[in-house]
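Values below: all heavy atoms of this structure, side chains included; hydrogens, waters and symmetry mates excluded. Chain letters run A, B, ... following the sequence lines, proteins first and then strands; every chain starts at 1. Given the structure is predicted, the values throughout are model-derived calculations rather than measurements.
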Protein chains: 2
Amino acid sequence: MNKSETKVLVALERVGGFASAQEIHRILQRGSQSIGLTTVYRALQSLLNDKIVDLLRKDDGEAIYRLCGETHHHHLVCKSCGATVEIEGGAIEKWAKNIATQHGYTDIGHMAEIFGLCSKCST
Amino acid sequence: MNKSETKVLVALERVGGFASAQEIHRILQRGSQSIGLTTVYRALQSLLNDKIVDLLRKDDGEAIYRLCGETHHHHLVCKSCGATVEIEGGAIEKWAKNIATQHGYTDIGHMAEIFGLCSKCST
DNA sequence: TCACAGAATGAAAATGATTGTCATTTTCAG
DNA sequence: CTGAAAATGACAATCATTTTCATTCTGTGA
């Protein structure tokens with residue numbers, strides 16, 4: 001674990017959720033922890049290898065990262081205004097694990113989002 | 001449904017699985033169905049809107065498309081080779097509906113994907 | 001049939017994330 | 001201290017995707 005990897009981890013802790021490489025870079029630039037964008041990418045690769053961070057993809061394909069081991073949750077998003085509620089996914093975790101092992105898959109992850117119209121927008 | 005959308009559909013039928021926009025373009029170029037790359041992207045957007053094709057992401061973030069069946073289902077995808085199993089989502093449908101109404105959301109949809117390593121790739 | 005508005009097309013340029021290059025700096029064991 | 005190896009970051013390159021814009025098609029009403 002070298003210096004820049006540590007900086008990236010600190011940034012990820014600060015955001016407390018997902019962040020793209022570019023966001024992490026911006027955050028570090030703002031503070032006194034200036035670090036090159038290239039190095040951010042390299043640090044993230046390395047942290048991925050060591051399974052210290054998780055990689056997901058936004059809808060547009062951009063990679064977003066988060067610390068592993070943070071509690072995993074899902075989102076309920078309003079299609080119209082974007083209001084978001086965080087959701088615990090107990091039921092889904094089990095469902096995903098069952099289905100996957102049932103088909104011989106291992107090293108399982110999953111993604112789930114619910115969308116709809118929030119009470120304000122559904123008038 | 002215009003001419004280029006049809007061509008893209010035909011190409012997708014031919015591959016019988018996933019294909020990226022660029023692959024579809026290459027396939028059509030080879031045959032006598034020449035069509036511009038831009039148009040392939042536009043046709044895919046349109047087919048996505050009409051829910052005639054499905055969009056997934058490869059590990060590297062590239063978008064891949066395929067024809068989607070009539071029934072609403074979810075996917076169990078191998079992170080390494082892309083092997084896909086279609087899944088019925090009974091449990092999830094209920095979960096999504098419960099959570100959403102619980103928070104006052106209406107007109108509900110959802111998305112769920114499970115990924116892992118298939119038995120072949122997990123060796 | 002003709003004229004014309006609007007949609008469709010595609011070549012080329014723009015965009016934006018990610019990766020490669022390479023010269024410079026830091027680290028550290030001997 | 002000293003040289004080798006690792007780390008760093010500015011910059012250029014790559015690659016999928018989107019935009020732009022000029023051109024071609026298409027259908028409709030006269």
Side-chain angles (χ1 to χ4, degrees), chain A residues 1-12 15 17-68 111, chain B residues 1-12 15 17-68 77 79-82 84 111 113 115:
Chain A
M1 171 91 58
N2 61 28
K3 222 181 275 183
S4 36
E5 287 173 22
T6 308
K7 287 181 189 172
V8 168
L9 281 186
V10 170
L12 271 176
V15 299
F18 289 105
S20 70
Q22 319 259 349
E23 279 164 359
I24 293 171
H25 180 235
R26 247 177 282 133
I27 289 169
L28 291 174
Q29 294 269 287
R30 237 181 269 135
S32 51
Q33 299 301 312
S34 190
I35 179 181
L37 179 56
T38 312
T39 307
V40 171
Y41 275 105
R42 260 192 302 243
L44 284 170
Q45 289 288 8
S46 172
L47 292 169
L48 264 184
N49 264 341
D50 302 347
K51 311 209 182 205
I52 296 171
V53 302
D54 249 0
L55 166 75
L56 267 192
R57 299 266 168 195
K58 291 196 305 185
D59 270 5
D60 66 356
E62 187 183 4
I64 51 182
Y65 306 82
R66 70 162 170 198
L67 292 174
C68 285
M111 252 216 66
Chain B
M1 173 89 60
N2 60 29
K3 222 182 278 182
S4 36
E5 287 172 23
T6 308
K7 287 182 190 171
V8 167
L9 281 186
V10 169
L12 273 175
V15 299
F18 288 105
S20 69
Q22 319 260 348
E23 279 164 358
I24 292 170
H25 179 235
R26 246 177 282 133
I27 288 169
L28 291 175
Q29 294 270 286
R30 238 181 267 135
S32 50
Q33 298 302 311
S34 190
I35 180 181
L37 179 56
T38 313
T39 308
V40 171
Y41 276 105
R42 263 192 298 241
L44 285 169
Q45 291 285 10
S46 172
L47 292 169
L48 263 186
N49 264 341
D50 301 347
K51 313 210 181 199
I52 296 172
V53 303
D54 250 0
L55 166 73
L56 269 190
R57 298 264 169 201
K58 290 196 306 187
D59 270 4
D60 66 357
E62 188 182 5
I64 50 181
Y65 306 80
R66 74 159 166 194
L67 293 174
C68 59
V77 186
K79 287 193 262 197
S80 168
C81 70
T84 301
M111 247 218 68
E113 301 283 330
F115 22 81

When you get a sec, tell me which of [options] is the closest nucleotide to the side chain of [X]?
{"X": "Glu62(B)", "options": "dT9(C), dA16(D), dT18(C)", "value": "dA16(D)"}
{"X": "Thr39(A)", "options": "dT18(C), dG9(D), dT17(D)", "value": "dG9(D)"}
{"X": "Ala21(B)", "options": "dG10(C), dT17(D), dG9(D)", "value": "dT17(D)"}
{"X": "Lys3(A)", "options": "dT27(C), dA8(C), dA7(D)", "value": "dT27(C)"}
{"X": "Arg57(A)", "options": "dG10(C), dT18(C), dA16(D)", "value": "dT18(C)"}
{"X": "Gln45(B)", "options": "dT8(D), dT19(C), dT18(D)", "value": "dT18(D)"}

Item checked: Gap between atom CD1 of Ile24(A) and atom CG of Leu37(A) - 0.5 Å precision ->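 Leu37(A) CG to Ile24(A) CD1: 10.5 Å, rounded to 0.5 Å.
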Check: Just how far is it from atom CG of Leu12(A) to atom CG of Leu44(A), taken to the nearest 0.5 Å?
Finding: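 Separation between the atoms: 7.0 Å.
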Margin query: Between Asp60(B) and Glu62(B) (side chain of the first, backbone of the second, donor and acceptor by atom type, cut-off under 3.5 Å), is there such a pair?
Written below: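 Such a contact is found between Asp60(B) side chain and Glu62(B) backbone.
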Next item on the list: Keeping the roles fixed (side chain from His25(B), backbone from Ile35(B)), state whether a donor-acceptor pair exists under 3.5 Å.
Entry: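 The answer is yes, because a donor-acceptor pair under 3.5 Å joins these two groups.
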Margin query: Reading DNA chain D from 5' onward, which residue's closest nucleotide shows up sooner: Lys7(A) or Tyr41(B)?
Written below: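 Comparing both residues, the 5'-ward one is Lys7(A).
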Nearest-angstrom distance from the residue atom [atom1] of [X] to [atom2] of [N]:
{"X": "Asp60(A)", "N": "dT15(C)", "atom1": "CG", "atom2": "C1'", "value": "13 Å"}
{"X": "Ile64(B)", "N": "dA16(D)", "atom1": "CD1", "atom2": "C1'", "value": "14 Å"}
{"X": "Glu23(B)", "N": "dT17(D)", "atom1": "CD", "atom2": "C1'", "value": "15 Å"}
{"X": "Leu44(B)", "N": "dT9(C)", "atom1": "CG", "atom2": "P", "value": "13 Å"}
{"X": "Leu37(B)", "N": "dT20(D)", "atom1": "CG", "atom2": "C1'", "value": "15 Å"}
{"X": "Ile35(B)", "N": "dA11(C)", "atom1": "CD1", "atom2": "C1'", "value": "14 Å"}
{"X": "His25(B)", "N": "dC15(D)", "atom1": "NE2", "atom2": "P", "value": "16 Å"}
{"X": "Gln22(A)", "N": "dT19(C)", "atom1": "CD", "atom2": "C1'", "value": "12 Å"}

Note to self: Once you apply a heavy-atom cut-off of 4.0 Å, does Ser4(A) come out as touching a base, just sugar-phosphate, or nothing?
What the structure shows: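 Sugar-phosphate: the residue Ser4(A), judged by heavy atoms under 4.0 Å, touches backbone atoms but no base.
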Margin query: Taking atom types as they are modelled, would you say the side chain of Thr38(A) forms a donor-acceptor pair with the base of dA10(D) within the 3.5 Å cutoff?
Written below: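 Checked by distance alone, the answer is yes.
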Item checked: Under-3.5 Å donor-acceptor pair between Arg42(A) side chain and dG9(D) base ->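 Indeed, a donor on one side and an acceptor on the other fall under 3.5 Å apart.
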Notebook entry, point to check: Considering only heavy atoms from C-beta outward, does the side chain of Thr39(B) approach that of Arg42(B) to under 4.5 Å?
Noted result: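 Touching, per the 4.5 Å side-chain cut-off.
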Check: Does a nitrogen or oxygen in the side chain of Asn2(B) sit under 4.0 Å from OP1 or OP2 of dT26(D)?
Finding: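 Negative; the distance criterion is not met.
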